[in-house]
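Everything numeric in this text was worked out from a predicted model, so none of it was measured. Counting begins at 1 with the first residue of the sequence.
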Amino acid sequence: MKIISMIPARYAASRFPGKLMQDLEGKTVITRTYEATIATNLFDDVYVVTDSSIIYNEIVNNGGKAIMSKKEHDCGSDRIAEAIEFMDVDVVINVQGDEPFTDKESLVKLIDVFKKDSKKEVDLASLMVHITDTQEINNPNTVKVIVDQFNFALYFSRSPIPYPRDKNVGVRYFKHKGVYAFRKQALLDFYNLPMQLLEASEKLEQLRYLEYGKRIKMVETDVQGVEIDTPEDLERAKKLWK
């Protein structure tokens, strides 16, 4: 099974433009993420795929591999799909460019899903983290996921799901971490299918897979990491790095 990692990297992030080129203790955020992904030794190849010549040059000038996107894309899945369309690959792991603390343990769990899936029932795998903080559960920037008894995703939302009408039933809330593992065909299907209403409403690309009947296996991890979405996140990451 040939497994590669793709790191989609946009320069113009809406909440923190240019965040991937910010300094994180001597190297840029995107370089830190790329090096952390390489350091796991899990992949046949690792690429940054970007629409930005600044990011492209940053990776290539530091000895890495980068691919320029030919088109404007709405989401990371589209950007990766364009890049891998003609590659010989079975499974693609999408590591977010703003996650310099990418950890090997979680990625191993994702890869194991496909190694054990002899019937090829899983189209995607992704990570979720148990959360208990009420503020985080209610925060629309924290994407929540609910799963069935076999840990297949039922729905993703920015709202608290399930709604806690009865607070005594012991429901656990899970935050979706945006690290995905795709079968190549699932990714190409996504690329060629139009956006539907749920995705358009929540602005969550993973809903397109569910709306078209793809199966997403969720894997629980307790590694929170630091996703750099704001300048405050960057300051936290700097402290953690030290």
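- Residues Lys177 and Gln96 have side chains not in contact (no heavy-atom distance under 4.5 Å, counting atoms from C-beta outward).
- Between the side chain of Asn151 and the main chain of Val147, no donor-acceptor pair closer than 3.5 Å is present.
- With respect to Lys19 and Asp229, a salt bridge is recorded, a charged nitrogen being found less than 4.0 Å from a carboxylate O.
- Between the CZ atom of Arg10 and the CZ atom of Arg79 there is a distance of 6.5 Å, given to the nearest 0.5 Å.
- For the side-chain contact (heavy atoms from CB on, under 4.5 Å) with Pro160, the qualifying choice from Thr142, Val171, Ile137, Asn139 is Ile137, the only one to do so.
- Taking the side chain as every heavy atom from C-beta outward, Val122 and Arg215 never approach each other to under 4.5 Å.
- Looking only at distances, a side-chain donor or acceptor of Thr33 sits under 3.5 Å from a matching main-chain atom of Gly97.
- One finds the OH atom of Tyr155 at 5.0 Å from the CG atom of Leu207 (value rounded to the nearest 0.5 Å).
- The aromatic rings of Phe190 and Tyr209 lie parallel to each other, their planes meeting at an angle below 30°, with 60° marking the opposite boundary.
- Under a 3.5 Å cut-off, the side chain of Lys184 and the backbone N or O of Glu85 do form a donor-acceptor pair.
- For the pair Ile80/Ser77, no side-chain contact is recorded, criterion being any heavy-atom separation below 4.5 Å from C-beta on.
- Applying side-chain contact (heavy atoms from CB on, under 4.5 Å) to Thr31 and the options Ile55, Leu20, Ile59 leaves one that passes, Ile59.
- Using a distance-only test at 3.5 Å, with no hydrogens or angles considered, a donor-acceptor pair links the side chain of Glu211 to the main chain of Leu198.
- Note: the hydrophobic cluster containing Trp241 also contains Met21 (ILVMFWY, side chain heavy atoms under 4.5 Å, direct or indirect links).
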### Message
Please evaluate residues Gln185 and Asp189 with respect to the criterion side chain to side chain donor-acceptor pair (under 3.5 Å), reporting the C-alpha separation (whole Å), side-chain torsions for both, the decisive distance (0.1 Å), and the verdict.
### Response
CA-CA 6 Å; Gln185 192 55 54; Asp189 289 346; 2.9 Å; yes
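- From Leu124, atom CG reaches atom CZ of Phe152 across 11.0 Å, with rounding to the nearest 0.5 Å.
- Checking side-chain atoms of Ser106 against main-chain N and O of Asp103 turns up no donor-acceptor pair under 3.5 Å.
- Contact annotation: the side chain of Val46 approaches that of Ile7 to within less than 4.5 Å [non-hydrogen atoms, C-beta and beyond].
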### Message
Evaluate Lys116 against Lys217 for side chain to side chain contact (heavy atoms under 4.5 Å, CB included), listing each step before the verdict.
### Response
CA-CA 12 Å; Lys116 293 172 182 171; Lys217 182 85 167 183; over 6 Å; no
### Task
Dump the intermediate steps for side chain to side chain donor-acceptor pair (under 3.5 Å) on Tyr173 and Glu136, then the final yes or no.
CA-CA 10 Å; Tyr173 286 88; Glu136 192 169 24; over 6 Å; no
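- Salt-bridge formation is detected for the pair Arg183/Asp117: a Lys NZ or Arg NE/NH1/NH2 atom is positioned less than 4.0 Å from an Asp or Glu carboxylate oxygen.
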### Message
With side chain to side chain contact (heavy atoms under 4.5 Å, CB included) as the criterion, how do Ile54 and Glu58 come out once you've worked through the C-alpha distance, each side chain's angles and the decisive distance to 0.1 Å?
### Response
CA-CA 6 Å; Ile54 295 169; Glu58 166 71 7; 5.7 Å; no
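- Counting heavy atoms from C-beta outward, Tyr34 and Ser5 have side chains that stay 4.5 Å or more apart.
- Glu25 has its side chain within reach of Arg32: a pair of non-hydrogen atoms, C-beta onward, lies under 4.5 Å apart.
- Under the 4.5 Å side-chain heavy-atom criterion for Ile, Leu, Val, Met, Phe, Trp and Tyr, Leu210 and Tyr212 are members of distinct hydrophobic clusters.
- Here the straight-line distance linking atom CG of Asp51 with atom OH of Tyr56 works out to 14.0 Å at 0.5 Å rounding.
- Taking the six-membered ring for Trp and thresholds of 30 and 60 degrees, Tyr180 and His176 have ring planes more than 60 degrees apart, a perpendicular arrangement.
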#### Entry: Trace of the side chain to side chain contact (heavy atoms under 4.5 Å, CB included) decision for Ile67 with Met6
CA-CA 10 Å; Ile67 297 170; Met6 286 276 179; 3.9 Å; yes
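- Within a 6.0 Å radius of NZ in Lys104, more than 12 heavy atoms belonging to other residues, nucleotides or ligands are found.
- Considering CG of Asn62 and OG1 of Thr28, their distance stands at 7.0 Å, rounded to 0.5 Å.
- A salt bridge does not link Arg208 with Glu205: none of the charged nitrogens is closer than 4.0 Å to a carboxylate oxygen.
- Looking at heavy atoms from C-beta onward, Arg158 lies in side-chain contact with Lys203 at the 4.5 angstrom threshold.
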### Task
Evaluate the side chain to side chain contact (heavy atoms under 4.5 Å, CB included) criterion for residues Tyr11 and Thr50: first the C-alpha distance (whole Å), next the side-chain angles of each, then the deciding distance (0.1 Å), finally the verdict.
CA-CA 8 Å; Tyr11 187 81; Thr50 183; 5.9 Å; no
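- Taken to the nearest 0.5 Å, the CE atom of Met128 stands 5.5 Å off from the CD atom of Glu220.
- Following chains of ILVMFWY side-chain contacts shorter than 4.5 Å, one cannot reach Ile3 starting from Val89, and the two form parts of different hydrophobic clusters.
- In the hydrophobic clustering of ILVMFWY residues, with side-chain heavy atoms under 4.5 Å counting as a link, Leu110 and Ile216 come out apart.
- A salt bridge is absent between Lys109 and Asp112; no separation between the charged side-chain nitrogens and carboxylate oxygens falls under 4.0 Å.
- Following chains of ILVMFWY side-chain contacts shorter than 4.5 Å, one can reach Leu107 starting from Val113, so the two form part of one hydrophobic cluster.
- When side chains are defined from C-beta on, Tyr47 counts as touching Met87, because their heavy atoms get closer than 4.5 Å.
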